[in-house]
Amino acid sequence: MKPEVIVIGAGFAGSVMAERYARDGGKRVLVLEKRAHIGGNMYDYIDENGVRRHQYGPHILHTNSREVIDYLSQFTDWYPYQHRVLGLINGVVAPIPFNLTSIERSFPKEKADRLKQLLIDAYGMEKKVPILQLRQHPNPELNELAEYIYEHVFLYYTMKQWGQTPEEIDPAVTGRVPVHISWDDRYFQDTYQMMPLHGFTGIFENMLKHEKIEVRLNTDAKSCLKVDLEHHRILFEGEEFTGPVIFTGAIDDLLDYPLGELPYRSLEFEIQTHPDTYQQAATVNYPTPAAQHPFTRITEYKLLMPASEQPQATTIAIELPMAYHHDAPRGNIPYYPIAREDCRRQYEAYCELIRPISNLLLLGRLAEYKYYNMDAIIAKALQCYNSGKLR
Ligand code: FAD
Ligand code: UDP
């Protein structure tokens, strides 16, 4: 097949574009994927315990976008799922995000009652307050509460996850998990929360199953495609390719690091099997010092499955954050871009390098160097396609 569009990466960014160009645009699309499977970081499969394991960490669909749900519903049926997270907070197991129940579990009754009332008076019920904002509150008792939450929920977890304190990273990162003045103990409050009946991989299989889409697995784009920065063009199998090229991987890697390595955080998952249910919630966070628990969270994958399908035996994943380096034996997968001004500037310098190449589009969490959730990247890909930018 001679492609009219080349998509690099079969995660959501790449698969939405491939699906749209083929099904809506009638174009022949070639998808190059360096891994042995489609789905990018969303890839999941049924493991030896009968558990649907998410190979690259737990993924839960939550969104306020009807457009995203309508789009995905073409490729899957759903089951309802609301994610709940517990945390080991100063020796006590309590809901995260830290909420009114967490206060009751953390303090003696009289003190807890006073703190709850102070919070409600200061902000109102159902409000979400980022921890860095709560720390600014002038009331001494609320300030003391903020320091408690800061230390026992955010500080050590963030140090483990990012190697930096909450003040050193973009406030939007800890703002993802604000203190919640509520009895609602769900991790997310979005309108739509559900999981695909045949896993996320099932969605990708259906998206990419099209006569005009060819997927080449185990194929690093660098083996057949070259970005010619000097002549502002793309070469595919030695010839100039003038159709749209959508790249969803790490741009520093594609170009072979002419401006140095962009920093990312990486993860490693220690997988364990247990004969029976392991913990009380699908995810339990360990916002404890690294010396006590070197990991950030444990996810028990069967608890993400419909109750009727959960097997007896269980698979857990213990999540260990670490620095990233592309050719290190460990930590060689770039999971998280780093939300910091200097990193952003380095990324933008890379964008400048490729700006004159008008048929190359960077799209996705790595390619745009942005901490996207899946719904945001699906919405962005749909918007890019609909805008007709590269057509
Ligand atoms: P990816 O899924 O990373 O896909 C990029 C693909 O490009 C990969 O398959 C890669 O192999 C391929 N590729 C890269 N370079 C090349 C190359 N040179 N040649 C060929 N192929 C290449 N979002 C949520 O909404 N809910 C969650 O609960 C959630 N949990 C998360 C948990 C973790 C631990 C992490 C890390 C992320 C989580 N996310 C979650 C975010 C979600 O994973 C991303 O938003 C989404 O997967 C991004 O899709 P993408 O296509 O941009 O990138
Ligand atoms: N966070 C924390 N303690 C927690 C949960 C989250 O300090 O118990 C902070 C931490 O900095 C983390 C960020 O909030 O990186 C975002 O958390 P989220 O659960 O959204 O992270 P993700 O699932 O994207 O890894």
Side-chain angles (χ1 to χ4, degrees), residues 7-17 31-43 54 56-63 68 83 85-89 95-98 130-131 149-150 152-162 164-166 169-178 187-188 190 193 195 200 204 216-225 246-251 253-255 264-267 269 283-288 296-297 299 304 317 319 321 333-337 339 362-368 370-378 380-381:
V7 171
I8 300 159
F12 262 131
S15 299
V16 170
M17 290 305 262
V31 180
L32 304 171
E33 170 53 64
K34 68 179 173 188
R35 290 173 175 165
H37 58 74
I38 57 174
N41 282 350
M42 310 292 313
Y43 174 69
H54 300 200
Y56 304 96
H59 281 83
I60 292 103
L61 174 62
H62 57 99
T63 185
V68 165
H83 195 48
V85 173
L86 293 171
L88 185 60
I89 302 172
I96 287 182
F98 197 90
I131 185 60
I149 302 171
Y150 175 80
H152 296 297
V153 177
F154 289 96
L155 178 61
Y156 305 126
Y157 188 107
T158 301
M159 288 297 295
K160 289 190 274 192
Q161 175 73 10
W162 299 101
Q164 297 179 83
T165 65
I169 56 172
D170 186 328
V173 174
T174 47
R176 286 167 60 92
V177 189
Y187 205 58
F188 310 110
D190 303 60
Q193 303 190 42
M195 292 288 266
F200 286 104
F204 288 94
R216 276 187 212 163
L217 297 177
N218 302 306
T219 307
D220 192 321
K222 292 195 286 185
S223 67
C224 50
L225 182 143
I246 292 100
F247 178 67
T248 73
I251 184 66
D253 176 57
L254 181 71
L255 300 181
Y264 302 89
R265 280 302 273 181
S266 191
L267 297 172
F269 297 94
T283 299
V284 176
N285 284 5
Y286 289 79
T288 44
T296 48
R297 56 187 176 189
T299 296
L304 300 175
E319 208 164 319
I333 300 181
Y335 279 96
Y336 294 89
L362 302 185
L363 184 71
R365 196 181 225 224
L366 295 173
E368 293 178 68
K370 259 198 192 153
Y371 195 163
Y372 276 123
N373 283 340
M374 72 178 95
D375 62 326
I377 194 56
I378 293 164
K380 176 79 190 287

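Atoms within each ligand, like the ligands themselves, are counted from 1 in listed order.
Ring geometry, Tyr56 versus Tyr43: the interplanar angle falls from 30° to 60°, so the pair is classed tilted.
Checked against a 3.5 angstrom limit, the closest N/O atoms of Gln161 and ligand 2 fall outside it. For ligand 2, the polar-atom distance check finds no N/O of Tyr157 at less than 3.5 Å from any of the ligand's N/O atoms. Considering both main-chain and side-chain atoms, Tyr187 comes within under 3.5 Å of ligand 2 through a nitrogen or oxygen pair. Between Val153 and ligand 2, a contact under 3.5 Å exists for at least one N or O pair.
One finds the CG atom of Asp190 at 7.0 Å from the CG atom of Asp375 (value rounded to the nearest 0.5 Å).
Distances from atom 5 (C) of ligand 2 to the heavy atoms of Thr165, Ile149, Asn285, Val85 show the closest one on Asn285. With atom 30 (N) of ligand 1 as the reference point, the heavy atom nearest to it among Ser223, Pro58, Ala13 is part of Pro58. Across the listed options Tyr336, Tyr335, Phe269, Tyr336 owns the non-hydrogen atom lying nearest to atom 33 (C) of ligand 1.
The closest approach between a heavy atom of Leu267 and any atom of ligand 1 is below 4.0 Å. Heavy-atom separations between Tyr156 and ligand 2 are all 4.0 Å or longer.
Atom numbering of ligand 1 starts at 1 in the shown order; those under 4.0 Å from a heavy atom of Tyr372 are 41 (C), 44 (C), 45 (O).
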